[in-house]
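Here is the structure we will look at, set down as structure tokens.
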Protein chains: 2
Amino acid sequence: MSIHFGSTKDISTFIREITWHFGSRGLKGECCGDLSQPEYRALCMASEKSKGAMRMVAKSLGFTMSGASRVIDRLEKMGYAKRKRIPEDGRVCCIEVTPSGQTLIKNLSQEYDNRIDKIMSKIDPAMQEIIGTALRSFVKMIKQED
Amino acid sequence: MSIHFGSTKDISTFIREITWHFGSRGLKGECCGDLSQPEYRALCMASEKSKGAMRMVAKSLGFTMSGASRVIDRLEKMGYAKRKRIPEDGRVCCIEVTPSGQTLIKNLSQEYDNRIDKIMSKIDPAMQEIIGTALRSFVKMIKQED
DNA sequence: TATAGTTAGTTGACAATGTCAACTATTCAA
DNA sequence: TTGAATAGTTGACATTGTCAACTAACTATA
């Protein structure tokens, strides 16, 4: 209990608000276009790490292998990703993002940025700066949560 | 495009991280104990506004009336809430949070606070202050998003 | 070099959750 | 007093993720 500012309760409330607002159930359920949040995340995952094997996808999503497999099934069916066997290990299968998938990521990302930008633009520039700094620091810490 | 700090892209990324991390799929899927996020939110809703009719629940969740009804079904089955007809209007049904529900809210809220507190306590006090201010300002703006 | 044990991933059966459309019951308005 | 509107519920259904059982491939050991 070493918090001296507005109090932990405030922060909790703020985080809940943000989580809900930008979550899959937020504003018009609009978080990732046609994709669910897990699908979007998986696609990004696969796009960043070319070595994005199923296992990594599952881990990143917090899903079972089974669940991850299903997510990739859907992305494949939609034409955004493709499974590729690798010669090094016949069991492993890497996820390749198709050009159509790349485009989708770019567009969704842009839409999201626009949304954030629209919100931020109504805030006083000094506070914008503060928000950037604050979020960076906060996110850094949550990544260390065990 | 009036953003001059780290850039909108950073903020977007931070928000996505927070949304995911604290969302229903985050750390061990632990967001609201036995309750799903919608269930928790509905229960809070009903607890805050004593006039928490189904309609309000549905609106607050972004669900159809049908969906809201199902959520309350579950809360009722778990013994956390109870439907109450009101005399003013025979159609309306208000959601009453049971004592057991009140306790649950209190406990979940406490757990959440502890989690946040644990994160915040690792951050330099000055930055804690900044985060509080920043989040307050940010959340205020997202509530105005149309 | 067999062979037993891991590891990667898939799939069938299932449970949970929310939508749509159709329904009941009540209230409001003319 | 009747017809339209409003509140809410429910059946049928689609989606999504889990568990358990499975296949296939790799690895270490005898």
Side-chain angles (χ1 to χ4, degrees), chain A residues 20 23-43 45-46 49 51-78 80-96, chain B residues 20 23-43 45-46 49 51-78 80-96:
Chain A
W20 182 267
S24 30
R25 289 273 150 215
L27 201 52
K28 293 189 286 173
E30 240 187 57
C31 89
C32 318
D34 291 336
L35 301 187
S36 68
Q37 224 175 351
E39 281 157 10
Y40 177 80
R41 200 176 170 86
L43 200 59
M45 230 277 153
K49 310 204 176 181
K51 282 287 173 203
M54 290 301 308
R55 189 140 290 275
M56 297 304 285
V57 173
K59 194 183 171 201
S60 159
L61 295 183
F63 282 15
T64 59
M65 282 292 285
S66 170
S69 191
R70 297 259 140 93
V71 170
I72 301 301
D73 280 349
R74 286 178 330 246
L75 289 175
E76 214 166 11
K77 199 168 293 173
M78 294 187 272
Y80 297 136
K82 203 151 180 32
R83 285 172 167 90
K84 275 270 154 71
R85 291 289 170 183
I86 58 167
E88 295 90 327
D89 189 329
R91 295 166 301 178
V92 174
C93 110
C94 281
I95 315 306
E96 225 179 66
Chain B
W20 183 266
S24 32
R25 290 274 152 213
L27 201 51
K28 292 190 282 172
E30 239 187 59
C31 87
C32 319
D34 290 336
L35 301 187
S36 68
Q37 224 175 348
E39 282 158 7
Y40 176 80
R41 199 175 172 87
L43 200 60
M45 231 275 150
K49 311 204 177 183
K51 283 282 173 204
M54 291 301 308
R55 189 141 292 275
M56 296 304 286
V57 173
K59 195 185 169 199
S60 158
L61 295 183
F63 281 16
T64 59
M65 282 290 286
S66 169
S69 191
R70 298 262 141 91
V71 170
I72 302 300
D73 280 349
R74 291 184 319 251
L75 289 176
E76 215 166 11
K77 198 168 294 173
M78 292 186 275
Y80 297 135
K82 203 152 177 35
R83 285 171 168 89
K84 275 268 155 72
R85 289 290 170 183
I86 58 168
E88 295 90 324
D89 189 330
R91 295 165 301 179
V92 174
C93 111
C94 280
I95 315 307
E96 226 179 65

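Below, chains carry the letters A, B, ... as their sequence lines are ordered, and counting in each starts from 1. Note: hydrogens, waters and symmetry copies are ignored here, and every other heavy atom, side chains too, is used.
Judged by distance alone, the side chain of A:Gln37 and the main-chain N or O of A:Gly23 form no donor-acceptor pair under 3.5 Å. Proximity of a side-chain donor or acceptor of A:Arg85 to a complementary backbone N or O of A:Arg91 within less than 3.5 Å is detected.
In this structure, A:Arg74 reaches the D:dG17 phosphate: one of its side-chain N or O atoms is under 4.0 Å from OP1 or OP2.
With distances taken from any side-chain atom of B:Cys93 to the nucleotides C:dG9, D:dT9, C:dT19, the minimum falls on D:dT9. Minimum atom distance to the side chain of A:Arg55 is reached by C:dG9, of the listed C:dT10, D:dG8, C:dG9. The side chain of B:Arg91 sits closest to D:dA7 out of D:dA7, C:dT10, C:dG18. When distances are taken from the side chain of B:Arg85 to each of D:dG17, C:dA8, D:dG8, the shortest belongs to D:dG8. Which of D:dA25, D:dG8, C:dT11 sits closest to the side chain of A:Arg70 comes down to C:dT11. Across D:dT10, D:dT16, D:dA7, the shortest atom-to-atom separation from the side chain of B:Ser69 is found for D:dT10. When distances run from any side-chain atom of B:Asp89 to the nucleotides C:dT26, D:dG8, C:dG18, the shortest one goes to C:dT26.
As rounded to whole Å, 17 Å separates atom P of C:dT24 from atom CE of B:Met65. Spacing between atom CD of B:Glu76 and atom P of D:dT9 amounts to 8 Å, rounded to whole angstrom units. A:Met54 places its CE atom 6 Å from the P atom of C:dG9, with the value rounded to the nearest Å. In this structure, A:Leu61 places its CG atom 13 Å from P of C:dG9, rounding to the nearest Å. Rounded to an integer number of Å, the gap from CZ of A:Phe63 to C1' of D:dT18 is 10 Å. Between A:Leu75 atom CG and D:dT16 atom C1' the separation is 13 Å, expressed in whole Å. Atoms NZ (B:Lys77) and P (C:dA16) sit 10 Å apart, rounded to a whole Å. For the pair A:Glu88 CD and C:dA8 P, the interatomic distance rounds to 15 Å; values are reported in whole Å.
Nearest heavy-atom pair, B:Ser60 versus A:Trp20, reported as atom, atom and distance to 0.1 Å: O-NE1, 4.0 Å. The nearest pair of heavy atoms linking B:Glu39 to B:Arg74 is OE2-NE, 2.5 Å. What you find for A:Asp34 and A:Tyr80 is that their closest heavy atoms are OD2-OH, 4.5 Å.
Nucleic acid contact class of B:Gly67 (heavy atoms, under 4.0 Å, all strands): base.
Comparing A:Ser36 and A:Gly90 against DNA chain D, the residue whose closest nucleotide sits nearer the 5' end is A:Ser36.
Residue A:Ser66 places a side-chain atom within donor-acceptor reach of the base of C:dT11, judged by atom type and a 3.5 Å distance cut-off alone.
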